[in-house]
There are 2 protein chains.
Amino acid sequence: MTKIDDVARLAGVSTATVSRALRGLPTVSAATRRRVLAAAEQLQYAVSPNASRLAGGKTGTVAIVVPRITRWFFGTVVEAVEDFLDQNGYDLLLYNLGGREQTRQRVLRTASLHKRVDAIILVATPLRPADVAALTKLDLPGVIVSSGSGVPGWPCVRIDDVAAARTATRHLLDLGHTRIAHISGDPDDELAFTTHLDRRRGYQEELHAAGIRTDPSLDVESQFTIDGGIRATAELLSRGEPPTAIFAACDEMAMGAMAALRDAGLRVPQDVSVIGIDDHDLAGVLGLSTVAQPAAEQGLLAARILLNPLGVRGADPYPGLVPPAGGAGTDGAAPTPPVILPTRLVVRESTAPPRAN
Amino acid sequence: MTKIDDVARLAGVSTATVSRALRGLPTVSAATRRRVLAAAEQLQYAVSPNASRLAGGKTGTVAIVVPRITRWFFGTVVEAVEDFLDQNGYDLLLYNLGGREQTRQRVLRTASLHKRVDAIILVATPLRPADVAALTKLDLPGVIVSSGSGVPGWPCVRIDDVAAARTATRHLLDLGHTRIAHISGDPDDELAFTTHLDRRRGYQEELHAAGIRTDPSLDVESQFTIDGGIRATAELLSRGEPPTAIFAACDEMAMGAMAALRDAGLRVPQDVSVIGIDDHDLAGVLGLSTVAQPAAEQGLLAARILLNPLGVRGADPYPGLVPPAGGAGTDGAAPTPPVILPTRLVVRESTAPPRAN
DNA sequence: CTGAAAGCGCTTACAG
DNA sequence: CTGAAAGCGCTTACAG
């Protein structure tokens with residue numbers, strides 16, 4: 001447990017100089033720096049983060065809050081964020097809400113994050129007004145990924161969920177389907193979580209644009225999971241004549257739908273077409289048609305945006321993208337419009353024209 | 001940014017008393033405690049982790065190191081660990097190695113973890129002798145999950161990989177297969193990572209026990225991923241007459257194999273049976289037979305074991321299990337035998353008897 | 001049961 | 001370019 005004093009003694013300088021040399025501050029002579037580094041190396045010195053952060057006022061840590069790390073999208077986002085932060089010397093504190101309201105309150109409501117992290121990334125986290133108030137009062141930089149409801153001053157990175165849903169629905173329409181079901185998330189369960197609401201809206205808009213009346217019996221709510229997809233599809237099939245196509249709000253639901261259809265003796269795509277949104281790792285293996293969204297890119301971009309104001313290298317938060325209006329700088333309180341990343345249709349084997357009746 | 005002094009002033013007590021009251025130490029009168037809590041509540045006070053940790057010598061943080069958070073097993077383990085730690089007031093620092101040697105060195109070799117965490121969980125992390133030496137010198141409690149190579153004094157939680165592989169192989173033998181291929185991980189890539197070596201050994205042992213000679217052309221090495229499974233299977237098929245069954249070392253490889261077989265025009269299980277190990281979330285959807293391993297349980301148990309010596313409630317690390325020999329206490333340096341969790345065969349639709357020739 | 005004081009291991013103005 | 005000193009916000013013996 002060597003401390004900075006030990007290094008200072010061995011190098012024959014003050015602790016202030018050791019501190020400066022080790023952090024690469026320019027106000028240290030080359031010779032001194034060399035001696036300090038040698039001493040630190042020899043003693044296997046590692047700075048105490050707590051002491052350093054307490055004295056310096058920075059935590060060197062970013063918190064990321066996700067609903068469930070085991071779901072494809074969230075795992076992929078976390079991995080991308082961790083990668084970037086790691087390369088820039090930041091620690092990542094993981095908060096996996098996992099539906100626990102207690103955890104949610106502790107993370108979002110208490111000031112526990114205040115003195116613990118320099119910044120926050122919120123991924124698809126539904127926010128109640130009280131949450132927004134608490135987060136605002138934290139007065140920390142933050143970024144929202146994949147969510148409509150925001151915190152004032154926090155930039156937003158996402159896809160256009162309405163457009164993605166319209167693309168999926170249009171693909172089915174283009175194939176000739178008219179009895180198109182939709183399975184999506186449960187609003188009661190997810191509070192202000194807008195993703196599934198937007199996707200449902202896209203589904204409805206595209207149907208309307210095609211002159212097709214939406215049929216409530218073809219619109220089933222369930223959870224954004226494999227099991228949710230299974231249950232929603234079972235429910236759908238129990239309602240009578242099956243649809244010729246199912247648009248699932250995410251790939252995991254779509255995969256559940258494929259399983260449920262198979263168990264019901266229906267073939268995909270001969271009897272029922274299935275399409276999702278995501279381009280999950282396993283979509284290819286399952287032959288699932290989908291609207292691909294860039295998950296890792298959203299995470300990376302969020303991390304970049306965050307570390308930029310913190311004065312980290314690898315800056316330029318908007319690689320090739322134009323931050324829609326709003327201007328070029330760190331305008332602070334100005335309501336930043338969301339950065340929208342592109343999606344694209346990926347056609348595989350799970351979608352086909354309906355059987356000639 | 002209220003601090004402890006503010007609370008002390010408002011409550012009319014010393015900071016020492018505030019500290020004690022807030023931490024629930026018994027040496028505070030009920031009346032005083034009430035006043036302190038009220039004051040803290042009113043001021044929205046939250047302790048500064050850095051100051052607390054610096055003064056108290058504990059970090060309240062556990063580090064978890066995983067190869068890739070996006071792989072099913074690792075994501076599931078992390079989620080279980082995070083859950084338990086969160087409920088016990090610990091933070092989780094996530095290190096996702098992601099194949100980056102640089103990250104690996106930084107995490108494992110430098111003393112960076114030393115003053116940063118109270119304990120470490122290493123999941124399926126291959127360790128070189130230098131890593132072991134560095135970790136040992138850290139002198140921190142740790143637990144190894146799912147790995148054969150250990151750090152002296154660190155308990156180990158895992159399954160019996162040899163036995164799991166034998167179970168999978170035996171299932172294929174029982175169905176009547178004799179041309180059984182194996183696809184597994186690349187030893188060069190994974191260093192001392194013993195999982196795939198053990199699984200290969202189980203495969204070979206079971207074949208030998210059945211009097212079947214192992215055929216090197218049926219044993220292909222690739223990566224422990226979907227793509228790895230695809231590539232391995234393609235390689236296998238390029239070698240001539242296909243096997244009648246494939247035992248993949250993990251479900252993700254098995255899923256890749258299913259996709260590759262389909263692309264080659266081979267049906268599962270009619271032409272080729274496929275079995276994996278894991279019981280991945282999507283195994284059911286894909287109808288994949290597998291040998292299930294308890295991933296969340298391994299994570300939970302690891303977290304329990306770790307927090308036990310740290311004096312955390314929810315103690316009893318071995319729920320119903322007997323820590324094989326070794327004794328009951330915290331014997332410290334005594335080489336702890338690994339805690340082995342059970343696996344079980346799950347038969348679905350991807351395995352069937354070979355076609356009558 | 002409670003307080004005054006020292007100390008945790010750094011970093012940061014302030015001088016020089 | 002470098003050092004002495006104060007301070008970051010807590011917790012911990014030590015007294016009482």
Side-chain angles (χ1 to χ4, degrees), chain A residues 1-37 39-40 43-61 89 91 111-118 310-311, chain B residues 1-37 39-40 43-61 89 91 111-118 310-311:
Chain A
M1 200 83 138
T2 51
K3 35 215 279 199
I4 200 170
D5 310 69
D6 303 320
V7 179
R9 204 169 307 121
L10 180 57
V13 296
S14 71
T15 60
T17 298
V18 173
S19 174
R20 292 181 189 115
L22 256 29
R23 281 176 300 148
L25 298 192
T27 61
V28 179
S29 77
T32 303
R33 186 186 309 280
R34 227 175 293 119
R35 265 188 305 147
V36 171
L37 291 178
L43 296 175
Q44 293 256 51
Y45 172 72
V47 71
S48 157
N50 290 323
S52 165
R53 290 162 184 182
L54 178 57
K58 303 248 176 282
T59 69
T61 305
D91 280 339
S112 76
L113 286 180
H114 193 359
K115 302 167 181 170
R116 197 181 302 255
V117 301
D118 294 332
L310 299 181
Chain B
M1 198 84 139
T2 50
K3 35 215 282 199
I4 199 170
D5 310 70
D6 303 320
V7 180
R9 205 168 307 122
L10 180 58
V13 296
S14 72
T15 60
T17 298
V18 173
S19 174
R20 292 182 190 114
L22 256 29
R23 280 178 299 149
L25 297 192
T27 60
V28 179
S29 75
T32 304
R33 186 187 308 280
R34 227 175 292 119
R35 265 189 303 146
V36 170
L37 291 178
L43 295 175
Q44 293 256 49
Y45 172 72
V47 71
S48 158
N50 291 322
S52 165
R53 291 162 184 182
L54 177 57
K58 303 245 176 282
T59 69
T61 305
D91 279 339
S112 76
L113 287 180
H114 193 358
K115 303 166 180 170
R116 197 179 301 254
V117 301
D118 294 331
L310 298 181

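Computed from a predicted model, the values in this text were never measured in an experiment.
- Each of Ala51(B) and Arg23(B) was matched to the nucleotide of DNA chain D holding its nearest heavy atom; the match closer to the 5' end belongs to Ala51(B).
- Look at CD1 on Ile4(B): it is 17 Å from P on dA5(C), rounded to the nearest Å.
- With hydrogens and angles ignored, the 3.5 Å screen pairs a side-chain donor or acceptor of Thr61(A) with a backbone N or O of Thr59(A).
- A residue-by-residue look at Val28(B) and Lys3(A) shows that Val28(B) has its nearest nucleotide of DNA chain C further toward the 5' end.
- No salt bridge links Asp6(B) with Lys3(B); every basic N to acidic carboxylate O contact stays at or beyond 4.0 Å.
- Going from atom NZ of Lys58(B) over to atom C1' of dT11(D) covers 12 Å, rounded to whole Å.
- Here the P atom of nucleotide dC8(D) and the CZ atom of Arg116(A) are 21 Å apart, to the nearest Å.
- Summarising the base pairing, dA13(D) is matched to no nucleotide, lacking a Watson-Crick or G-U wobble pair whose two defining distances lie under 3.5 Å.
- dA13(D) atom P lies 12 Å from atom CG of Leu25(B), rounded to whole Å.
- When the P atom of dT11(C) is taken as reference, atom CG of Asn50(A) falls 12 Å away, rounded to whole Å.
- If you check every strand for non-hydrogen atoms under 4.0 Å, Pro49(A) touches nothing.
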**Item:** Worked check of side-chain contact (heavy atoms from CB on, under 4.5 Å) between Val47(B) and Ile4(B)
**Value:** CA-CA 7 Å; Val47(B) 71; Ile4(B) 199 170; over 6 Å; no

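- When distances run from any side-chain atom of Ala16(B) to the nucleotides dT2(D), dA4(C), dG7(D), the shortest one goes to dA4(C).
- Checking dA4(C) for Watson-Crick or G-U wobble geometry (two distances, each under 3.5 Å) identifies no partner in any strand.
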**Message:** Let's go through Thr15(A) and Asp5(A) carefully: what are the C-alpha distance in whole Å and the side-chain angles of both, what is the deciding distance for side chain to side chain donor-acceptor pair (under 3.5 Å) to 0.1 Å, and is it a yes or a no?
**Reply:** CA-CA 6 Å; Thr15(A) 60; Asp5(A) 310 69; 5.8 Å; no

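- Within the structure, a side-chain polar atom (N or O) of Ser14(A) is placed less than 4.0 Å from OP1 or OP2 of dG3(D).
- Atom CG of Asp5(A) and atom P of dA5(D) are 14 Å apart (whole Å).
- Nucleic acid contact for Thr27(A): base, since at least one base atom lies under 4.0 Å from a heavy atom of the residue.
- Proximity of a side-chain donor or acceptor of Arg53(B) to a complementary backbone N or O of Arg116(B) within less than 3.5 Å is not detected.
- Between Thr17(B) and dT2(C) there is no side-chain polar atom (N or O) within less than 4.0 angstrom of OP1 or OP2.
- One interatomic measurement links the two molecules: CG of Leu54(B) to C1' of dT11(D), which rounds to 10 Å at whole-angstrom precision.
- Applying the 4.0 Å criterion to OP1 and OP2 of dT11(D), one finds that Ser19(B) has a side-chain N or O inside that range.
- Taking atom CG on Leu22(A) and atom P on dG9(C), their separation rounds to 16 Å, with Å as the unit.
- A donor-acceptor contact under 3.5 Å is formed by the side chain of Arg20(A) with the base of dG3(D).
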